[in-house]
Amino acid sequence: MRPYRPKDNVQKKAYYNDRFYVTPQIPKDDPASDEVYSKDIEKLQSKFSISESYIQRGELVIYIDPDSNVEVLEFLKDELDYSFLMEMSAVDFLAQREGFEIFYELLSLSKRKRIRVKTFIKENQAIESVQHLFRSANFAEREMFDMFGIQVNNHPYLKRILMPDDWEGYPLRKTYPLQGDEFAQWYEVDKIFGKEARDIVGPEIRDSAHIDRYDTERFARLGHEVPRGTDISKDEPDTDNHEFQEEGGVFLIKDLNKPQKVLSEKERRER
Amino acid sequence: MAQHQVNYGQDAGLPVALTTIDKIVNWGRSNSLWVLTYGLACCGIEMMASGASRYDFDRFGTIFRASPRQAEVMVIAGTLTKKHAEFIRRLYDQMAEPKWVISMGSCANTGGMFNTYATVQGADRVVPVDIYLPGCAPRPETLQYAVMMLQKKIRREPANRNRNLKQKRFV
Amino acid sequence: MQQTNRLRPFFENLTFDRDDNHMVINFGPQHPSAHGQLRLILELDGEEVVKANPDIGYLHRGMEKMAENMIYNEFLPTTDRMDYIASSSNNYGFALAVEKLLGIEDKVPRRAKVIRTMLLELNRIISHQFWLATHALDVGAMSVFLYAFREREWGLDLIEDYCGARLTHSAIRIGGVPLDLPEGWTDNLAKYLDKVERAVKEDYEALLDENRIWKMRLENVGIIDKEMARSWAVSGIMLRGSGFEWDLRKEMPYELYEELDFDIPISDKMDSYGRYKLYMEEIRQSVRILRQLIPMYHESEPQLMANVPQYISPTKEEQMTQNYSLMQHFVLVTQGMRPPVGEVYVATESPKGELGFYINSQGEPYPYRLKIRAPSFFHTGILQDLLVGCQLADVVTIIGSTNIVFGEVDR
């Protein structure tokens, strides 16, 4: 895994950016090009202010005002038959635009169409809950609160859902490190044994390529086992038994205990 | 009470077998390892498979139990997350001595591919582990092999494990 | 001889002597019939559940955060560990979402499409068998568990022959499949299908359909009416069990489902027994689909990966013979493909329901945001409405009937 590093260092701009690479865009089609969507967008525009609307990869996307999210979704559900809220969540744009983009993914069974309703809120702005229209938003909004720290008004039970209740920080924000901050890294040790046990348990080993050849607490090297906790950093004791389930080794599996050497022609004949 | 019809003086003393207490106790222990089902994630499915038709775990005297009070081996099968860590310690404490732990799969060994904020980087940060079982997910044969290795380990150690506890460190 | 720790005895489990004579009990997170790590806090009035509060997140491994730090191809094996009963469905859902984002879903060669559809349906059979095994075990039918696992192992053997793994397949790539089917695989598949069809009829249904205990435990238990199903956005068999005729394979077809001939079973019983019948019927339909796919495989051309050098690595032969292909492959592996700026939401019908991937791309090799719409997440949420009013003994039946998998719920 590569750590996420925002590429906003002006000094290194030339290094990060390919001078000749033009980032392509997915084409945005006019909603009028689709007969179902064109009717829907007409009705929507007559009632609400829709700042932008387009069709991207066959799905209608509309941008609405964050204060009108309940009304728009209610209209979509009751009048336009987009009655399933399949998914909702947020996208972190704190670094670029100081806010979050929230999307609602709706599905209409009768029209066989999906629509994505998007809205933008500022960092400390709250959004109104839609869980009285769609119960599925109950869990989805809790998850959004848990992962991004977005407050949802009038939610019956706005508590953390995926992370423990006493967790600090919002994991899916871009500022949150992938491998956790200090609180996260010591969470289980602090909770079970207490902070004083940190020295004994030791820090997490996050380097996947980490090998400590003198570690006899956790791992035993095959063929060189020593009793647990033995200090072998000075002069490593040469141990004998390589473990097989069967006494005397397994058929076709090399026994590491036997001294291995290339036999000369003479020795072979003697055997 | 029925009279014994066996004359112990004849037939080289059969059917009397002489052994040490350690050996007979460990023989019994190692051949009836009752496992606490601790299916956490994908490895839990393979653990179920090893108990099911093809890989029939009962042959080893290994029976899955749902309660920690009746079990002596905990197979940590799957990713241990920070939210769950507290419960695994709680259940480990509820198991009666002597008890052993098999850490099944890369996630339980070291955190595996989930090198993230939410995953405990190795179950040995929370409970002491006897056997580490590599693989993602290990096949049922691998789990059976691990249980056989554990049986061998049990047969080697003294029946009264408390003698050994001094060596153990904090967890 | 316990070592000291700070955990104190837990009195949340049982709370007696409350004013209203209700009892609060804790179920899970480590419970054999919790299907993973579901924790339920149930408030009981006698034997009746008054309030249920599902607590999830015990398997939250941060997959969405991981995706933001990985190139698209790197993330593919992680999707295996979501719905680990049917790994290929997740691989496929993600691969299709990325293909839609890149706009190359039409360029996937036909043979790859056939193999993908085969894997999807094989996974569906295996997943349904696993569901039946665990569900029956929870309800108390141990022998069904053993039978269903026996046939499931045969299916896993086929998948193992193809990709080498039993559980975590990673058998589908963005733009195609990595391998062709081994020789004689389709013959084995045909034999397996006969066995499965027989097993469904003679083992599972013969044991369960008219079984009095099974019927008493399942009938009229866990009734999801239409409004509840709509409101909780349930999908898959849960939705069809409530009388909606909706299957993404038919309604918004992907892959080869448009050409294939199969039926969508629906049930208006709305209870667990109706859903059990649907599962059995779906296995039959999957068998039917797989039978049609075998001749399609033999008719197809042997190309396996889409030929889009901008995004997909060239074939091994081209890499070894052409300098530019090797360079392209090097860039795609070290830096990753750079999709266009934009976003897609792509849903497929996994064995559990609608599995959707929302990808927000800012033109970087990493997704800016990846949201996984897991069907089980909402099927867990519905428990808080569904369990209210039912008996404590039915809780296990209802959890089993929802077919939730926690790798997917918590991601």
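In the text below, chain A, chain B and the rest are named by the order of the sequence lines, each starting its count at 1. From a predicted model like this one, the values you see are computed outputs, not experimental measurements. Note that these values count all heavy atoms, side chains included, but never hydrogens, waters or copies made by symmetry.
- No side-chain heavy atom of B/Leu40 sits less than 4.5 Å from a side-chain heavy atom of C/Tyr58.
- Of all residues spanning residues 393-411 of chain C, none has a heavy atom less than 4.5 Å away from chain B's heavy atoms.
- Contact check for C/Pro29 versus B/His84: side-chain heavy atoms found under the 4.5 Å cut-off.
- Contacts of B/Tyr55 with chain C are made by side-chain atoms alone, with heavy-atom separations under 4.5 Å and no backbone atom involved.
- For the pair C/Lys65 (side chain) and B/Ala118 (backbone), a donor-acceptor distance under 3.5 Å is absent.
- Taking the ring centroids of B/Tyr117 and C/His60, they lie under the 6.0 Å cut-off.
- Between atom CE of residue C/Met63 and atom OG1 of residue B/Thr116 there is a gap of 9.5 Å, rounded to the nearest 0.5 Å.
- If you measure heavy-atom distances from C/Glu160 to chain B, the contacts under 4.5 Å come from the side chain alone.
- The side-chain heavy atoms of C/Tyr84 and B/Glu46, taken from C-beta on, include no pair separated by under 4.5 Å.
- Residues B/Lys83 and C/Asp55 meet the side-chain proximity criterion, which asks for heavy atoms closer than 4.5 Å.
- Residues B/Pro140 and C/Arg166 are in side-chain contact: their nearest non-hydrogen atoms beyond the backbone lie under 4.5 Å apart.
- Of the inter-residue distances, the one linking B/Cys107 atom SG with C/Leu59 atom CG reads 8.5 Å to the nearest 0.5 angstrom.
- Distance check: C/Ile85 CD1 to B/Ile45 CD1 gives 3.5 Å after rounding to the nearest 0.5 Å.
- Only the side chain of B/Leu91 has a heavy atom closer than 4.5 Å to any heavy atom of chain C.
- For C/Thr78, the parts sitting under 4.5 Å from any heavy atom of chain B are the backbone and the side chain alike.
- With no hydrogens or angles considered, no side-chain donor-acceptor pair links B/Thr119 and C/Arg61 at under 3.5 Å.
- Interface residue C/Gln37: only side-chain heavy atoms are found under 4.5 Å from chain B.
- Neither the backbone nor the side chain of C/Leu156 comes within contact range of chain B, judged by heavy atoms closer than 4.5 Å.
- Taken to the nearest 0.5 Å, the CD atom of C/Glu151 stands 8.0 Å off from the OG atom of B/Ser53.
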